[in-house]
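Worksheet: the structure to be examined is printed underneath.
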Amino acid sequence: MNTKFSGTFSISALALMLASNAFAVAKHGIDFVVGKDGDFKAAMAKAAASGASESKRFIIFFPDGEYELTKLTGDEHGKTTFSTSHVSFIGQSADKSVIWNTTDTEGISVTATLYFPKNSDIYMQDLTVQNRSTFKTSEAGRQVAIQQIGDKFIYKNVKLLSGQDTYYTKKNGGSKTYWEGGQIKGTVDFICGDGDVFFEGTKLTMDRSGGYITASQNSTDWGYVFNNTTIEVSNGSYNGTFYLGRSWGHAKTVFLNTKMVAQPKAEGWGPDMNSAPVVFGEYNSKDGNGNAVNTNSRKTRFDGGKDGSTATTLKTVWNASDAAKYTLANVLGGSDNWDPTKFTKQVGAPKISQQGANIEWSDDDNAICWVVFVNGKYHSNTTSPSIDVGDISAGSKVTVRAANSMGGLGSASNEIEVLEANVDYVTVKTSAEIGGEIQMSPNREKVAEGTKVTFTAIANDGWKFAGWTGKNAADAGASDTWTTTAAADIEIGAKFTGDGSNTFQAESGTIENAIIESTNAGFKGSGYINFGTGTSSVKVPVYVAANGEYKATFSYANGSGSARSLSISTDAGTNEEMSFEATGAWTTYLTKELSMQLKKGASYITFSIVGGNDGPNLDQIVLEPVNVEEDPVLCESIECGGNGLALIPGTLAKPEADLANKPAKELLFTVNGQLVRQSVGASVNTSGLQPGIYLIKTIGKGYSSQRTIRVE
């Protein structure tokens, strides 16, 4: 079980943290542990369905082990495509947490172990990604470990291992990437492509004679910038035989403050492939002993490759003034002042001790959670600064590591040996009805007696918490958060109802072979549904106050250039096929309307692709009652001849004959039955109301009617 918890803190605590340049983060457990919660295929599906966003990161943890993707998630060539943004890939250790594949072909665009197509905000730490294929043709053996097309990627202590084209970067709008530490190993052009990439302290390992480290075609402002990197070779005979890089297309590549344990050829830069470089620069290169490298023979004339039309002469050996502008802030800051080092900073190691049935440590506002290891193996993760020892054998060795805001793990705590604890444990069972979930902290199926446990009901967009259920419902009270001290077995559930907006987000639904994206701007909520092909659907939970007919308005985008269809069905029997016309761009959202039958209370609207073909990007659903069943109303206000009590939906109305001599009256309700305003002898005033759908009930001499209105 994984822990999620939204933390709060006081203004005084915030001021104290700001003064110390530290920022508290909301507690958030690891979302998926590969090998414990399922395999990587299951992790991909859960990430796609998570609604991950900049403020709601999805964290995947890889305990030490080997994870082959070739047939599990790879296509016909063994290439795995991971499309979800705002995801962290965290390993237990860079050397022993290994993701790998093999392929049945060669090629820069068809062989990647992991392919990120137009993702953003991807964080990777303490992992090895390796393409182990030995497939080659007579001309090439291009086998990619990571192929990325996206923005704001961060790699910390990551190893990429392959041969030719190990790391392939491509541009997609803003394309900024930061490397901190780690290693990239290959043979020819093993760092290649486009975008602004800043490598800080990364080890570059040449694995053949006569190879090239880089082959760039940079259309961005800065290109590849290597700072404080180390160049080495896997075999001493390769020393002095390779090149720093070559121009694939208008290259921009800079080496600053490089430690050359192994040195390139005297000319440094290789022949151009198809155009001359725009920037090739080298500054302050030192050998393995810290002595200045002789750069007197570095190449300055570039012929431009095949036709020579771009031939040029460049200053390739730089002084301090030339290098000064190539700072991390300049290269990656951009208009939003992006600083990736804020995210790579690690949380300090906790100091742990056993106190009776619990292992405890001090809380840390900068840790989103802690990961517990028993005898060196992953055990659990928790958002509370303690765990019980109920399932840990006496004599076991325990360490704890804190996770930073991206899920990356810091150094291990001190190691303790678990002592026998004579305590009793209680079981905890949670459940949630349609419309939300329960988050528990600490999140365990069994907890020691005396442990403080917190349950928080989290409603989906369009829903609100409606009360607790289960054996302990009365103990939990009316608030959506309940904290108790475990003394006996706990059974707690949560129920949810519509929040009155009649507006629901497609990304809150249960998806099959589809993904939740937030790439194309203009959507509502936290994202939208991007359908797949073959079989693809999303089942969206909705809530309405009455049985009957509703007008459903769907917000969607379709930048494909032609219409796409969806099959739409409800639990009340609606089953329609609707065509969604092209919107001109994936960032342009239009609406479609459909009349449908819905059941009172919670139900589902299911959207499925038609004929195995892709669908539009589905965003938001707004429901407006058209012809619905009325709940009888008790009319006992003074104007209706009653005793002045408020109107109460769901009880029997007085006979209309009682109203025969009374003036007409209008009553304004929310769609959930809450009386908002009323007027006698005139239309009810709607000024100042919150935008949304309302019901107006008119009661007059011998009649009663109802209609809906929309307040903008």
Tell me, do [X] and [Y] make a side-chain contact under 4.5 Å, heavy atoms counted?
{"X": "K185", "Y": "K203", "answer": "no"}
{"X": "V144", "Y": "T166", "answer": "no"}
{"X": "L204", "Y": "T230", "answer": "no"}
{"X": "T73", "Y": "M44", "answer": "yes"}
{"X": "T177", "Y": "F198", "answer": "no"}
{"X": "L69", "Y": "I99", "answer": "yes"}
{"X": "I60", "Y": "D31", "answer": "no"}
{"X": "V87", "Y": "F116", "answer": "no"}

NZ/NE/NH1/NH2 to OD/OE distance under 4.0 Å, K429 and D489: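 So K429 does not pair with D489 through a salt bridge.
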
Salt bridge flag under 4.0 Å for residues K176 and D336: yes

CD/E66: more than 12 non-hydrogen atoms of other groups inside 6.0 Å: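 Atom CD in E66 is packed in, count exceeds 12.
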
Residues, nucleotides or ligands: over 12 heavy atoms within 6.0 Å of K471 NZ: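 Above 12, so yes.
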
Result of checking I154, N157, I146, I90 against M124 for side-chain contact (heavy atoms from CB on, under 4.5 Å): I146

Result of checking T229, V197, N227 against W179 for side-chain contact (heavy atoms from CB on, under 4.5 Å): V197

Derivation of the side chain to side chain donor-acceptor pair (under 3.5 Å) call for H379 and D391: CA-CA 10 Å; H379 173 269; D391 61 351; 3.1 Å; yes

Nearest 0.5 angstrom please: [X] [atom1] to [Y] [atom2], how far?
{"X": "T430", "Y": "M440", "atom1": "OG1", "atom2": "CE", "answer": "7.5 Å"}
{"X": "D388", "Y": "Q354", "atom1": "CG", "atom2": "CD", "answer": "10.5 Å"}
{"X": "N404", "Y": "D364", "atom1": "CG", "atom2": "CG", "answer": "11.0 Å"}
{"X": "I490", "Y": "N472", "atom1": "CD1", "atom2": "CG", "answer": "6.0 Å"}

Side chain to side chain donor-acceptor pair (under 3.5 Å) between T128 and Q130, worked out: CA-CA 6 Å; T128 291; Q130 185 175 18; over 6 Å; no

Aromatic plane relationship, W482 with F455 - under 30° parallel, 30 to 60° tilted, over 60° perpendicular: parallel

Stacked cation flag K46 on F32, 6.0 angstrom / 45 deg: no

Ring-face cation of K79 near Y115 (centre distance under 6.0 Å, axis angle within 45°):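 Judged by the rule (NZ or CZ under 6.0 Å from the ring centre, within 45° of its axis), K79 counts as positioned above Y115.
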
Ring centroid separation [X] to [Y] under 6.0 Å:
{"X": "Y528", "Y": "F523", "result": "yes"}
{"X": "Y167", "Y": "F190", "result": "no"}
{"X": "Y155", "Y": "Y178", "result": "no"}

Derivation and outcome, side chain to side chain donor-acceptor pair (under 3.5 Å), residues E180 and T344: CA-CA 8 Å; E180 187 173 292; T344 59; 3.0 Å; yes

Residues that D64 engages under salt bridge (Lys or Arg N to Asp or Glu O under 4.0 Å), provided they are two or more places apart: none

Test item: [X] side-chain N/O and [Y] main-chain N/O as donor-acceptor pair under 3.5 Å:
{"X": "S133", "Y": "T102", "result": "no"}
{"X": "Q143", "Y": "F135", "result": "yes"}
{"X": "S53", "Y": "K56", "result": "yes"}

Partner of F89 under ring pair (Phe, Tyr, Trp, His ring centres under 6.0 Å), chosen from F61, F82, Y67, F58: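 Exactly one candidate clears the test, F82.
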
Minimum heavy-atom distance T113-T80, with the two atoms named: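 Between these two residues, the closest heavy atoms are O-CB, 3.4 Å.
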
Full working for side chain to side chain donor-acceptor pair (under 3.5 Å) between S441 and T383: CA-CA 7 Å; S441 176; T383 57; 3.0 Å; yes

